[in-house]
Amino acid sequence: MIMKHFAGSILPVLVLGLGVSGCMSTPPEQAAAAKKPVSQQSQLMKIARDIDAKGESGTALALYERAAEMSTDDSTIHVRLGNARMKGGDPDGAEQAYRSALQINPQDANAMLGLGTVQLQRGDASAAARILASAAPAVNTVSAYNKLGTAMVLSGDGAGAEGAFAKALALQPGNLDTKTNLALAQALSNKMPDASSSMNSVVTSPLAEKRHFVNYMIILSMSGDSAGARAIDVPDMPTNQKNQILAKAAKLRSIQDPAKRAQAIGLLASA
């Protein structure tokens, strides 16, 4: 639970310019000239969004690239480019775009969210937690708070993670994945009764899936309730696989470092 192609043609873009003449441009002419690049960027962005919505991500990426090359003062264009690069499996390129956005506007919350996501994906949980702590309240989405909570868990800040997941739940109380993340954060803070109670409300939901039952089994095992953990009926899981998870879950209590324990839980829960 704890941390879920470039192709196509580039549409031709007309480069607009002014010829040198013997007379000075009037103010209205200067204003018109200044507006042309902005209008061109807007048109590129609109086409890119439409194409991206149709699933043609490669062509959309090429258009975002062209729009970003033209932009020196609009951070949102670089954020969209970063998102497109992330979607295309290029985290290094995405990071570059997010950093360009933050150079233009250091307060761009979506750029911070993107950069924090890249850092979290790379395993730099501490750096991700620092930047996501600023991004999440500004963006105020379930996804942003879940990423912040995940970064905090993986950096060993169980209490901070609980707070982040609680804020995510306040935005979407019925989100089973967020409830599970909260339960895991509680378990890492040795609040086993709270963690078990949280997970019980998850697995009794008709929407509960295999991963939720696996996490419940892990939490019960961490709390020392091996019998309760073994009694969990995990959908579509062979007995031998269940036994392997239980054996590894029993060893989690011996891991003293919260960050290392969180990483071990994440690997085990995704097995």
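Remember, it's a predicted structure, so these values are computed and weren't measured experimentally. What you see below is based on every heavy atom in this structure, not just the backbone, and it leaves out hydrogens, waters and symmetry mates.
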Colleague: Could you state the interatomic distance from CG (Leu169) to OG (Ser198), rounded to the nearest 0.5 Å?
Modeller: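 Nearest 0.5 Å value for the CG-OG distance: 8.5 Å.
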
Colleague: Treat each ILVMFWY residue as a node, draw an edge where side-chain heavy atoms are under 4.5 Å apart, and state whether Leu184 and Ile245 are in one component.
Modeller: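 The answer is yes; both residues are in one hydrophobic cluster.
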
Colleague: Side-chain atoms of residues 224-238: list all donor-acceptor pairs with protein atoms under 3.5 Å, sequence neighbours left out, distances to 0.1 Å.
Modeller:
residue: Asp225; atom: OD1; partner: Gly228; partner atom: N; Å: 2.8
residue: Arg230; atom: NH1; partner: Asn243; partner atom: OD1; Å: 3.0

Colleague: Can Val118 be reached from Tyr145 by stepping across I, L, V, M, F, W or Y side chains whose heavy atoms are under 4.5 Å apart?
Modeller: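 Tyr145 and Val118: one cluster.
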
Colleague: Just by distance, with hydrogens left out, do Thr76 and Asp74 show a side-chain donor and acceptor under 3.5 Å apart?
Modeller: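 Asp74 and Thr76 do have a side-chain donor-acceptor pair below 3.5 Å.
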
Colleague: Write down the atom of Leu120, the atom of Ala128, and the distance for their closest heavy-atom approach.
Modeller: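 Of all heavy-atom pairs spanning Leu120 and Ala128, the closest is N-CB, 3.7 Å.
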
Colleague: Is the backbone N or O of Gly93 less than 3.5 Å from a side-chain atom of Arg85, with the two atoms forming a donor-acceptor pair by type?
Modeller: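 Yes, because the side chain of Arg85 sits within donor-acceptor range (under 3.5 Å) of the backbone of Gly93.
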
Colleague: Are side-chain N/O atoms of Gln172 and Thr178 paired as donor and acceptor at under 3.5 Å?
Modeller: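 Per modelled atom types, Gln172 and Thr178 side chains form no pair under 3.5 Å.
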
Colleague: Would you name the heavy atoms of Met86 and Ala94 that are closest together and state the gap between them?
Modeller: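 In terms of heavy atoms, the two residues are closest at CG-CB, 3.3 Å.
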
Colleague: Give the intermediate values and the outcome of side chain to side chain contact (heavy atoms under 4.5 Å, CB included) for residues Met199 and Thr180.
Modeller: CA-CA 6 Å; Met199 281 310 302; Thr180 300; 3.8 Å; yes

Colleague: How long is the straight-line distance from CG of Asn175 back to OG of Ser143, given to the nearest 0.5 Å?
Modeller: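 With rounding to 0.5 Å, OG (Ser143) is 10.0 Å from CG (Asn175).
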
Colleague: For residues Asn110 and Tyr98, is any side-chain donor paired with an opposing acceptor at under 3.5 Å?
Modeller: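 There is no such pair between these side chains.
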
Colleague: So does Gln186 get a backbone contact from the side chain of Ser189, meaning a donor-acceptor N/O pair under 3.5 Å?
Modeller: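 Absent.
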
Colleague: Atom CG in Leu115, atom OG in Ser134: separation rounded to 0.5 Å?
Modeller: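 Atom-to-atom, Leu115:CG and Ser134:OG are 11.5 Å apart.
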
Colleague: Is there a chain of hydrophobic side chains (I, L, V, M, F, W, Y, each step under 4.5 Å between heavy atoms) that links Leu81 to Leu113?
Modeller: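 No, it is not one cluster - the side chains of Leu81 and Leu113 are not joined through contacts under 4.5 Å.
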
Colleague: What's the spacing between Met112 CE and Asn105 CG if we round to 0.5 Å?
Modeller: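 Result: 8.0 Å between the selected atoms.
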
Colleague: Which pair of heavy atoms, one from Ile104 and one from Ser75, lies closest together, and at what distance?
Modeller: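 Ile104 and Ser75 have their closest heavy atoms at CG2-N, 3.9 Å.
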
Colleague: Before giving the answer on side chain to side chain donor-acceptor pair (under 3.5 Å), spell out for Asp108 and His78 the whole-Å C-alpha distance, their side-chain angles and the decisive distance to 0.1 Å.
Modeller: CA-CA 11 Å; Asp108 190 315; His78 294 272; over 6 Å; no

Colleague: Please find the pair of heavy atoms, one from Phe165 and one from Thr150, that lie closest to each other, and give the distance.
Modeller: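 Shortest heavy-atom separation between Phe165 and Thr150 comes out as CZ-N, 3.5 Å.
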
Colleague: Check the surroundings of atom NZ in Lys179: do more than 12 heavy atoms from other residues, nucleotides or ligands lie under 6.0 Å from it?
Modeller: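 Result for NZ/Lys179: enclosed.
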
Colleague: Quick one: does any side-chain atom of Ser197 pair with a main-chain N or O of Pro193 as donor and acceptor, under 3.5 Å?
Modeller: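 Side chain of Ser197 to backbone of Pro193, a donor-acceptor pair under 3.5 Å: no, none is there.
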
Colleague: Let me have the donor-acceptor pairs involving side chains of residues 246-260, under 3.5 Å, with sequence neighbours excluded, atom names and distances please.
Modeller:
residue: Ser254; atom: OG; partner: Lys251; partner atom: O; Å: 2.6
residue: Asp257; atom: OD2; partner: Ala259; partner atom: N; Å: 3.1
residue: Asp257; atom: OD2; partner: Lys260; partner atom: N; Å: 2.9

Colleague: Got a second to check how far Asp194's CG is from Ser223's OG, nearest 0.5 Å?
Modeller: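 Answer for the CG-OG pair, Asp194 versus Ser223, is 12.0 Å.
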
Colleague: According to the salt bridge (Lys or Arg N to Asp or Glu O under 4.0 Å) rule, which pairs have a member within residues 109-137, sequence neighbours left out?
Modeller: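 Passing the test, one end in residues 109-137: Asp92-Arg122, Glu95-Arg122.
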
Colleague: List the atom of Ala185, the atom of Ala161, and the distance in Å for their closest heavy-atom pair.
Modeller: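 Looking at all heavy atoms of both residues, the closest pair is CB-CB, 4.0 Å.
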
Colleague: Under a 4.5 Å side-chain heavy-atom rule over Ile, Leu, Val, Met, Phe, Trp and Tyr, are Leu207 and Val142 clustered together?
Modeller: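 Leu207 and Val142: separate clusters.
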
Colleague: Could you see if Met217 belongs to whatever hydrophobic cluster contains Leu188? Use Ile, Leu, Val, Met, Phe, Trp, Tyr and a side-chain cutoff under 4.5 Å.
Modeller: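 Cluster IDs for Met217 and Leu188 match.
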
Colleague: What are the two closest non-hydrogen atoms of Ala187 and Met192, and how far apart are they?
Modeller: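 What the structure gives for the nearest pair is O-CE, 3.4 Å.
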
Colleague: Between His212 and Asp177, is a side chain to side chain contact (heavy atoms under 4.5 Å, CB included) present by the stated rule, with each step listed?
Modeller: CA-CA 8 Å; His212 302 123; Asp177 288 339; 2.8 Å; yes

